[in-house]
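In what follows, chains carry the letters A, B, and so on, assigned in the order in which the sequence lines appear, proteins first and then strands, with residues in each chain numbered from 1.
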2 protein chains.
Amino acid sequence: MTPLDKFKPIESKPSASERVAERLTTLISSGNIAPGDKLPSENELSRALHVSRPVVREALRGLAMMGIVESRQGGGCYVTDLKPNRLMAPLSFALSLQDYSLESLFRAREVIDCGIAADAARNATGEQIAMLEELADQGRKLVDDPVAFRVMDAEFHEVVGKAAGNDFLDNVARSLYGLAIDQRRKASALPGVLEQSARDHEQIIRAISRRDPEGARLAMNDHVRHIRDTTLKAMEGGETIPFRPREGG
Amino acid sequence: MTPLDKFKPIESKPSASERVAERLTTLISSGNIAPGDKLPSENELSRALHVSRPVVREALRGLAMMGIVESRQGGGCYVTDLKPNRLMAPLSFALSLQDYSLESLFRAREVIDCGIAADAARNATGEQIAMLEELADQGRKLVDDPVAFRVMDAEFHEVVGKAAGNDFLDNVARSLYGLAIDQRRKASALPGVLEQSARDHEQIIRAISRRDPEGARLAMNDHVRHIRDTTLKAMEGGETIPFRPREGG
DNA sequence: ATCGATAACTTGTCAAACAAGTTGACGAGT
DNA sequence: ACTCGTCAACTTGTTTGACAAGTTATCGAT
């Protein structure tokens, strides 16, 4: 009603544990605390930061749930490896809530993996191309072994990502790949899915080896769309997701 | 060296607070607790779950840090709206950890923003297109006011991202936009930079309003490349690149 | 009936204590 | 001299109790 809604964001009252958590994340992101380091004990932290131990514990628990630190009873608290996969883990919860997020996820893969494929066509070394061709050969022979095929598939995407030479995109792509892996497992049981993937891989590799970024992009686009279609079909939810960009308040 | 590494993942000891947190997230994702709902008080929860209040508090704090719940002192604990943007918040922290090369970041922007532009051309509403056109008009008039122009530019990218209708990509793009904002400030002081950006914006909007995904993609591609070139040029000398000090002990 | 003050409730913080687990050092046995 | 078991100190996990700070709902006065 009244234009007073703008005044809401007062709540500038970060609790003590939030301040402690932010302090720690700052120390981590600034490099003063490195991945794998052991943090001071809760008592030391509480003394150093002038707060009680429960406050420190709540902060550490929050960081632990986000995959930033890991506590072992009696053993101390350690910073994790901070690999993007680990930090992206909480997102699987987010994706489990809204169905259209899955659609977003596949669109994102489409966009990002296509960019990676194009870069791979530009930057791949001969060695990497040879590796990819070998993986494609493996793929053709593994269409009857879903488990082995998925292992091959993961390595395929990994090599392509590395060949592209873009750390950031590679990490995002890897996280996206990991987020959908569960649904993927089901999809790979459907008939014809692995054969299609094997053909897609060949197309992608062919474009990369002939240094054709646009072709690689299109081939990867087809690949991701195939994966999306079969994954949604395998989810058996009956809730196909047509593009209905309506958003409810 | 020895193949004993396989034996590590024993740690089948989720702590009490983790169990409580998972219980709550299960209740939320299953729909038993809806967004906006008020949770039982900490005392009630501790009684119901047969754990102490600090355990409940640690669990709630963890969920709060992930953006799943929100506590107000004296007012109770509420489930958030669970919008992807909110749940995506930890991602910006993840991005801030690794120091990616500027090349990687700009290439990532190229890939992601182009995808967003294409989707915007597909999904933008008339209202959003009108808003973008107005922003473009503003841009032409603000080429002599770097600060105001940057505000307009941020809003421009925001509207395009929203128009694309992909929460995931939008958040990644927003994070990328924020990461390079410092360098951008310098670049916008160079002569001709803002004029170029204004022209780029027009091209992008024209493609979007004529529902031309490929055209929008190409226009955005040019835009990002212009930004990259001018930003790299403006960076000669004062480096604002994130730097991670290494220290032992 | 409207408004303000009070009481009950809820979260935030602190303190002290014990249980459970790990680590490192010391000493007995080989 | 080396290995191994034991023990002591430390660290995290959990519980209980208490009080401060803030919110909400009831109730009484105007």
Kindly write out the residues that satisfy ring-ring contact (aromatic ring centres under 6.0 Å, His included) with B/F149, not counting sequence neighbours, or none if the list is empty. none

The criterion is ring-ring contact (aromatic ring centres under 6.0 Å, His included); which residues satisfy it with B/F106, sequence neighbours excluded? none

Residues in salt bridge (charged side-chain N to carboxylate O under 4.0 Å, His left out) with A/R228, at least two apart?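 Per chain and number, A/R228 pairs via salt bridge (charged side-chain N to carboxylate O under 4.0 Å, His left out) with A/E103.
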
Over how many whole Å does the gap from [X] atom [atom1] to [N] atom [atom2] extend?
X     : N      : atom1 : atom2 : answer
B/R47 : D/dT16 : CZ    : P     : 12 Å
A/L45 : D/dC10 : CG    : C1'   : 15 Å
A/L63 : D/dT12 : CG    : P     : 14 Å

Under the side chain to side chain donor-acceptor pair (under 3.5 Å) test, residues paired with A/R72 that sit two or more places apart: none

Side chain to side chain donor-acceptor pair (under 3.5 Å) partners for A/E42, two or more places apart: A/R53, A/R57

For nucleotides 4-14 of chain C, give me one character per nucleotide, 5' to 3': B if any protein heavy atom sits under 4.0 Å from the base, S if the only such contacts are to the sugar-phosphate, - if neither. ------BBBBB

